[in-house]
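Read the numbers this way: they start at 1 and go in the same order the structure lists the ligands and their atoms.
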Amino acid sequence: MGLAAAGAVGVAGGAAGWVWSAGSPDAGFRPAVSGAPLRDPEVLGSRGGRLHVELTAAAGVRLAGRDTAALGFNGTSPGPTLRVRPGDELSVRLTNRLKQPTNLHTHGLRVSPQGNGDNPFLRIEPGTSFDYLLRIPPGHPAGTFWYHPHHHGMVADQLFGGLAGMLLVDGGPDLPVDRDRVLLVTDTTMDAGGGVAQPGRMDRMRGRQGELVLVNGQHQPSISAAPGTAQRWRIVNGCVSRMLPLRLTGHALDLVALDGAFLPAPASRDRVALAPGNRADVVVRPTAAGRFELVSEASDRGSTGVGGDVRSEPVVLATLLSAGPAAPVAPLPAALPAENPGSATEAQRQVAFTMGMGMGGMTFGIDGRAFDPERDDHSVLFGTTEEWTVTSSTPMAHPFHLHVWPFVVLATSDGAPLSGTPQDVVLVPPRGWVRLRIPFTAHTGRSVFHCHILDHEDAGMMATIQVRR
Ligand code: C2O
Ligand code: CU
Ligand code: CU
């Protein structure tokens, strides 16, 4: 197998025969570089309990080895990786050099949604700056999170444009690994001139999928790891709509955390499926030399109901290159510091929400209403626990996401395996449901829940929630 095919039309990844894109890259943008060693984004880490960063959102970044008009933070996509610890103060001066309003969301962080915290209702106008202050609670779990813009109506465009970055909370157990890497997966479609393509009406209805799938802004990068060594890969699905059913050829994936929360013990999986917004921390431990592929397998999210299946083709994300004599790997710890999910807690209230589409797929809403930031849709008493049943009334799957207050998935209509640990995105099957237990602890304030197919969120599939004392 060679890298020669990567970047050309059709098949990349050699013998496995994966098609890297459903589109026709020949007609438009071609990656100039494929298969280069995976780079880590720049890391900005806290010291003495503080991290101050300046993030400037603007057009003009290198993607797949080419200068493009895609968007980035501080000139790169992804933006810098922010590393903090529980108890830290993270201050961010966000400067908007885009042509439209934006803002910043720290996806998965259990921080206050109020004021200049993780407030999705803020609107930072072009040419202005805003100072965020995120206080990470002392008891915050260590794990993998990410940041992206959240200005309603423009979220999909801005993420598809390239605005995203990693946010890591340190302080977890020392895993026996030789490298700790981030793999932020995004997709986009570029035109021949290096501009970001605008999706059509049908693409927005399905949720747009980019022709170019990138890892840390690179096309099919390679990752070297000698037999007998171990690496932690923190994988984020930062795509607007694409499902990532992940597999690493020749290996099992040792899953240690999901959505920033450790599992009770490492779980060896053939396949780890990430919906948009989900994260998985896996440990990769090659034992013999070879060339292996991190693949996102074909997926099927159902259909729009008005003609049009919602599928994605298999795609090679990255290549694992392992060279050297075969060697055994060190065992992983038998137990991990999983949070107690509080299974004894009885829910004080049962609540139901329905994610739906109407008017031939042209309207999107929750309980039949499109998002209105001024309206209070759901109000909760701080400190209580609720059991939510979230249904999709459409023939399409929708990844349900709630800010600030993670949930435990109790059951799903398709019987998908349950993590038992807190998570913040769960896929609601086509015409199916999920049942969630949500403890409303740690923070009061007003925030949102929505479909993480961000075209659907931008079209109205989002609602407000107010947690008060
Ligand atoms: Cu990652 Cu409300 O989003
Ligand atoms: Cu979020
Ligand atoms: Cu949706």
Side-chain angles (χ1 to χ4, degrees), residues 78 102-113 117-122 134 144-156 158-160 163-167 184-186 203-209 236-243 259-260 274-279 301-305 308 310 353-358 361-366 370-371 373 390-407 422-432 434 443 446-465:
T102 191
N103 65 14
L104 194 72
H105 170 48
T106 51
H107 180 126
L109 278 196
R110 305 180 194 179
V111 294
S112 172
D118 180 34
N119 182 344
F121 303 105
L122 292 169
L134 303 154
T144 302
F145 303 91
W146 63 300
Y147 62 89
H148 62 81
H150 215 291
H151 185 261
H152 177 62
M154 294 159 195
V155 185
Q158 292 181 9
L159 183 61
F160 201 67
L163 290 173
M166 300 289 298
L167 208 169
L184 176 48
V185 182
T186 55
D203 294 324
R204 288 180 195 270
M205 191 187 305
R206 290 183 174 134
R208 72 187 80 177
Q209 298 195 134
V236 176
N237 185 348
C239 299
V240 167
S241 312
R242 181 186 293 271
M243 286 291 301
D259 282 3
L274 298 183
N278 276 142
R279 291 86 66 206
R301 289 191 279 120
S303 90
T304 57
V310 192
F353 291 107
T354 301
M355 305 169 90
M357 288 152 63
M362 290 325 290
T363 64
F364 289 82
I366 293 182
F371 179 65
V390 182
T391 303
S392 165
S393 64
T394 79
M396 206 189 310
H398 299 281
F400 173 85
H401 173 52
L402 169 64
H403 287 205
V404 180
W405 302 279
F407 47 77
Q423 57 190 80
D424 54 62
V425 176
V426 61
L427 194 68
V428 184
R431 298 207 188 282
V434 297
H443 300 285
R446 194 161 180 270
S447 194
V448 290
F449 54 94
H450 59 88
C451 179
H452 218 289
I453 291 174
L454 295 166
D455 281 301
H456 296 174
E457 174 274 310
D458 281 338
M461 197 176 267
M462 177 154 74
T464 65
I465 177 170

Worksheet, complete the sentence: Between His398 atom ND1 and His456 atom ND1, the angle centred on the Cu ion (ligand 3) rounds (to 10°) to 110°
Practice prompt. With atom 2 (Cu) of ligand 1 as the reference point, give the N/O/S atom of His450 that is nearest.
Written response: NE2
Worksheet item: Given the side-chain rings of His151 and His105, with only the six-membered ring counted for Trp, is the space between their centroids under 6.0 Å?
Response: no
Fill in: Considering only N, O or S atoms of His107, the one closest to atom 1 (Cu) of ligand 1
ND1
Practice prompt. Decide, counting backbone as well as side-chain atoms, whether His150 has an N, O or S atom less than 2.8 Å from atom 2 (Cu) of ligand 1.
Written response: yes
Worksheet entry | Modelled atom types, side-chain donor and acceptor of His450 and His150, under 3.5 Å | yes
Fill in: Identified side-chain contact (heavy atoms from CB on, under 4.5 Å) counterpart of Thr354 within the set Thr394, Val428, Thr391, Ile366
Thr391
Discussion item. Report the atom name of the nearest N/O/S atom of His403 relative to atom 2 (Cu) of ligand 1.
Written reply: NE2
Worksheet item: atom 1 (Cu) of ligand 1 to His105: any N/O/S contact under 2.8 Å?
Response: no
Discussion item. Any non-hydrogen side-chain atom of Phe400 less than 4.5 Å from a side-chain atom of Val425?
Written reply: no
Item to complete: Identify whether the distance between the nearest side-chain nitrogen and carboxylate oxygen of Asp424 and Arg279 falls below 4.0 Å.
Response: yes
